[in-house]
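Structure first, then comments.
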Amino acid sequence: MLEFDLIARIRQRAAARADVVLGIGDDCALLAPAPGMQLAVTMDTLNESVHFPPETAPYDIGWKSLAVNLSDLAAMGAQPAWCTLSLSLPDARAEFIDGFSDGFLALAQQHGFALVGGDTTRGPLSISVTAQGLIEPGQALRRDGANVGDAIWVSGTLGDAAAALQQWQAGMPMHPALRKRLDRPTPRVALGRALRGLATACIDISDGLLADLSHICRASGVGARIDAEALPASDALCAVVAKDARARLQASGGDDYELCFTVSQGKSEAVLALAEKLDLPLTCVGQIQEGSALQCVGMGLDPVALGYQHFA
Ligand code: ADP
Ligand code: MG
């Protein structure tokens with residue numbers, strides 16, 4: 001298949017959106033942002049073997065490469081709008097392109113998100129997505145707004161994706177529910193939108209709770225205490241991993257793409273009401289403190305030793 005046919009296959013599947021004046025096919029896309037809104041722009045790359053196991057299904061690779069970008073928009077409180085896709089492919093197999101674009105565009109459609117352009121080249125399997133969202137001026141959920149005394153909350157459950165990855169690395173079959181969390185993360189877009197005006201800071205958990213929370217602490221000039229006993233675990237995680245090992249995965253495992261956010265004292269009721277409304281567990285896991293230290297009490301975990309970093 002030629003590059004042109006490959007692009008045509010993606011283009012056929014891409015959905016329209018009213019504010020896309022000109023989509024895939026010209027030198028640039030033309031977009032008409034709603035007046036008065038700010039653009040939230042983010043980019044993430046997924047490389048085979050680094051960000052997903054080589055045997056990952058094309059559908060899941062497509063899904064995940066968009067999900068990680070939507071998760072960044074969610075963490076900012078932005079409404080997803082448009083994205084571009086840079087694909088580096090070792091060969092032009094129709095099964096891969098069709099599976100990939102089905103996964104990518106299924107998730108895009110869930111969020112009214114439009115694919116408006118991209119680039120396609122030959123090379124090792126690598127996917128880069130630039131995602132753009134819209135946010136009301138002054139409403140973005142930044143990392144630098146946490147205050148001493150704020151409660152620290154997380155969405156969903158933690159450690160599932162890391163547990164699946166650990167099973168894969170050990171050559172074991174992955175637990176289906178855990179594997180689903182690794183392959184098809186759910187970006188918490190509705191939660192991010194609902195946290196505008198409520199959260200004082202927010203970040204999505206891609207590298208692990210402690211690693212990502214440390215970014216909030218640094219940006220806000222505060223410390224934090226996490227209660228390891230409070231970290232939410234899924235039934236699947238409890239079934240597969242013993243309690244001590246579990247706490248470590250929950251505190252430091254990456255790839256869950258849940259949101260970690262802080263809210264002022266006295267706002268717990270509002271957060272719990274939100275959990276009910278969105279039908280999504282929201283759990284208070286600690287508190288922002290004075291200083292710069294990140295403490296994790298309850299399970300003998302050392303935060304400094306935890307948290308994934310590339311090139312470490
Ligand atoms: P150019 O050489 O002008 O950059 P290309 O031949 O790379 O154009 O791409 C042709 C059109 O197809 C452009 O509108 C581009 O944005 C789009 N496109 C290329 N690759 C992709 C892709 N992987 N996903 C979506 N759109 C793509
Ligand atoms: Mg090009």
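Worth saying up front: this structure is predicted, and the values here are computed from it rather than measured. Remember, it's 1-based here, ligands and their atoms both numbered in the order they're listed.
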Using a strict cut-off of 4.0 Å, indicate which atoms of ligand 1 neighbour a heavy atom of G117. 16 (O), 24 (N), 25 (C), 26 (N), 27 (C)
Validation row: Q166, M172 side chains within 4.5 angstrom (heavy atoms): no
Atoms of ligand 1, numbered as shown, that sit under 4.0 Å from any heavy atom of D27: 3 (O)
Taking the basic N atoms (NZ, or NE/NH1/NH2) and the acidic carboxylate oxygens, is any pair closer than 4.0 Å for D160 and K180? no
Counting only heavy atoms closer than 4.0 Å, does ligand 1 sit against the backbone of E3, its side chain, both, or neither? side chain
Mind checking the NE2-SG spacing from H215 to C260? Nearest 0.5 Å is all I need. 11.0 Å
Among side-chain atoms of N69 and T42, is any donor-acceptor pair under 3.5 angstrom? no
Specify side chain, backbone, both or neither for D26, according to which of its non-hydrogen atoms lie closer than 4.0 Å to ligand 1. backbone
Could you check which of V116, T121, T120, I24 puts a non-hydrogen atom nearest to atom 23 (N) of ligand 1? T120
Just one of L158, L282, L209 clears the side chain to side chain contact (heavy atoms under 4.5 Å, CB included) bar with E258, so which one? L158
d(L210 CG, Q250 CD) to nearest 0.5 Å is 11.0 Å
Proximal candidate to atom 11 (C) of ligand 1 [heavy atom criterion; set G23, A14, G25]: G25
Where on I10 is there a heavy atom closer than 4.0 Å to ligand 1, on the side chain, on the backbone, on both, or on neither? side chain
